Amino acid sequence: MDKVVVSLGGSVIVPDDGDDAFLKRLSEMICSLCEDHQVYLVCGGGKVARYYIKVGRGLGLSEQELDGMGIMSTRMNAALVAYSLGERSVGKVPTDIMEAHRLERKGKVVVMGGTVPGHTTDAVSAMLAKEVRAARIVNGTSVDAAYTADPRKDPGAERLSRITHQQLYDLVNVGMHGAGPSNVFDRLGAQIAMDDHIDIFIVNGRNLDEMKAAIEGKPVKGTVVSD
Ligand code: UTP
């Protein structure tokens, strides 16, 4: 049975757009797959994390303290997703990658958030994929694919259907600017996936047909990153 790590952006979990109905449908879709695929879900913090980090930054908190609040937000989202899976969840939100691996059970889903300060849940997903020797990482995000530039700013931006790890790394290595690239995958995660030759499927996380196809390793409208 292949293992799949899904990086679920906070922008997918709690955009405040029918989130309860979406999470119910997402859980049903994941449950329909988890006898054939060992699924791990790593949840991002989204708006919740950004809000706390913004207010905390205004108060002059340290980067470590801000990251700590970001991590708590990701774990709160993870708890929401785990509860929505009910009996299919392993019943505990692990706080590190080794614990996540230990909690793995056939037919059950491990759901977690962040781990330690200094990175994002995309990086956690790549570290977890490396630890459990996952067949692929699925990045369910707020954009529908990787583009040559930010499609919201550049009408000439081209959608990329298949790219190499090096191309992804170059795309996300342009710095912290531009909403497009930062939503595609994070740099540390891209580096780990490149070093360990782990495929990444980048799809719109709110499109459950796309998410299902990506988890199954089937063709997607989004971007497939491979060697
Ligand atoms: P996210 O993984 O949601 O970060 O973690 P992000 O990429 O900024 O969010 P999206 O994908 O655009 O929605 C939120 C914040 O939590 C802290 C970081 O400060 C991060 O920016 N965090 C998260 C950590 O410090 N360590 C972790 O393992 C995870």
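Counting convention: from 1, in listed order, for ligands and their atoms alike. Because the structure is predicted, anything quoted here is derived from the model rather than measured.
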Exercise for review: Test salt bridge (Lys or Arg N to Asp or Glu O under 4.0 Å) on Arg57 and Glu65 and set out the steps.
Suggested key: CA-CA 9 Å; Arg57 188 161 274 135; Glu65 288 164 334; over 6 Å; no

(message) When you compare ligand 1 with Thr121, is there at least one nitrogen or oxygen pair between them that comes in under 3.5 angstrom?
(response) yes

Note: heavy atom closest to atom 15 (C) of ligand 1, options Ser11, Gly70, Gly113, Gly9, belongs to Gly70

For the pair Glu99 and Leu103, evaluate side-chain contact (heavy atoms from CB on, under 4.5 Å) and give the outcome as yes or no after the intermediate values. CA-CA 6 Å; Glu99 186 188 9; Leu103 286 170; 4.2 Å; yes

Less than 3.5 Å between some nitrogen or oxygen of Thr120 and one of ligand 1, yes or no? no

Between Ala193 and Ile137 the two heavy atoms that sit nearest each other are CB-CD1, 4.4 Å

Counting from 1 in the order shown, the ligand 1 atoms closer than 4.0 Å to a non-hydrogen atom of Asp67 are 17 (C), 18 (C), 19 (O), 25 (O)

Hey, mind stepping through Arg136 and Asp2 against salt bridge (Lys or Arg N to Asp or Glu O under 4.0 Å) and telling me if it holds?
CA-CA 9 Å; Arg136 62 196 151 274; Asp2 61 1; 2.8 Å; yes

Contacts satisfying side-chain hydrogen bond (donor to acceptor under 3.5 Å, both in side chains) that involve residues 104-113 (not counting sequence neighbours) are Lys3-Glu104, Tyr40-Glu104

Looking only at distances, can you tell me whether any N or O atom of His119, backbone or side chain, sits closer than 3.5 Å to an N or O atom of ligand 1?
yes

Residue-ligand contact Thr115/ligand 1, heavy atom below 4.0 Å: yes

To the nearest 0.5 Å, atom CD1 of Ile192 lies from atom CZ of Arg187 at 12.5 Å

Between Asp19 and the options Arg206, Lys24, Arg25, the salt bridge (Lys or Arg N to Asp or Glu O under 4.0 Å) test singles out Arg206

Here the atoms of ligand 1 under 4.0 Å from any heavy atom belonging to Gly44 are 3 (O)

The atoms of ligand 1 lying under 4.0 Å from a heavy atom of Pro117, numbered in the order shown, are 25 (O)

If we number the atoms of ligand 1 from 1 as shown, the ones under 4.0 Å from a heavy atom of Gly118 are 25 (O)

Numbered in order shown, the ligand 1 atoms found under 4.0 Å of a heavy atom of Val124 are 28 (O)

Do the side chains of Arg88 and Glu35 get close enough for a salt bridge, i.e. N-O under 4.0 angstrom? yes

For Val116, the ligand 1 atoms with a heavy-atom partner under 4.0 Å come out as 24 (C), 25 (O), 26 (N), 27 (C), 28 (O)

Closest non-hydrogen atoms of Arg75 and Thr95, given as atom of the first, atom of the second and distance, are NH2-O, 3.4 Å

Check: Ile53 N/O within less than 3.5 Å of ligand 1 N/O
no

Any heavy atom of Thr74 under 4.0 Å from ligand 1? The part involved is side chain

The atoms of ligand 1 lying under 4.0 Å from a heavy atom of Gly114, numbered in the order shown, are 27 (C), 28 (O), 29 (C)

Taking the side chain as every heavy atom from C-beta outward, state whether Ile215 and Ile30 have any pair of such atoms under 4.5 Å apart. yes

query = Under a heavy-atom criterion of less than 4.0 Å, does Gly46 contact ligand 1?
reply = yes

| Is ligand 1 less than 4.0 angstrom away from at least one heavy atom of Arg50? | yes

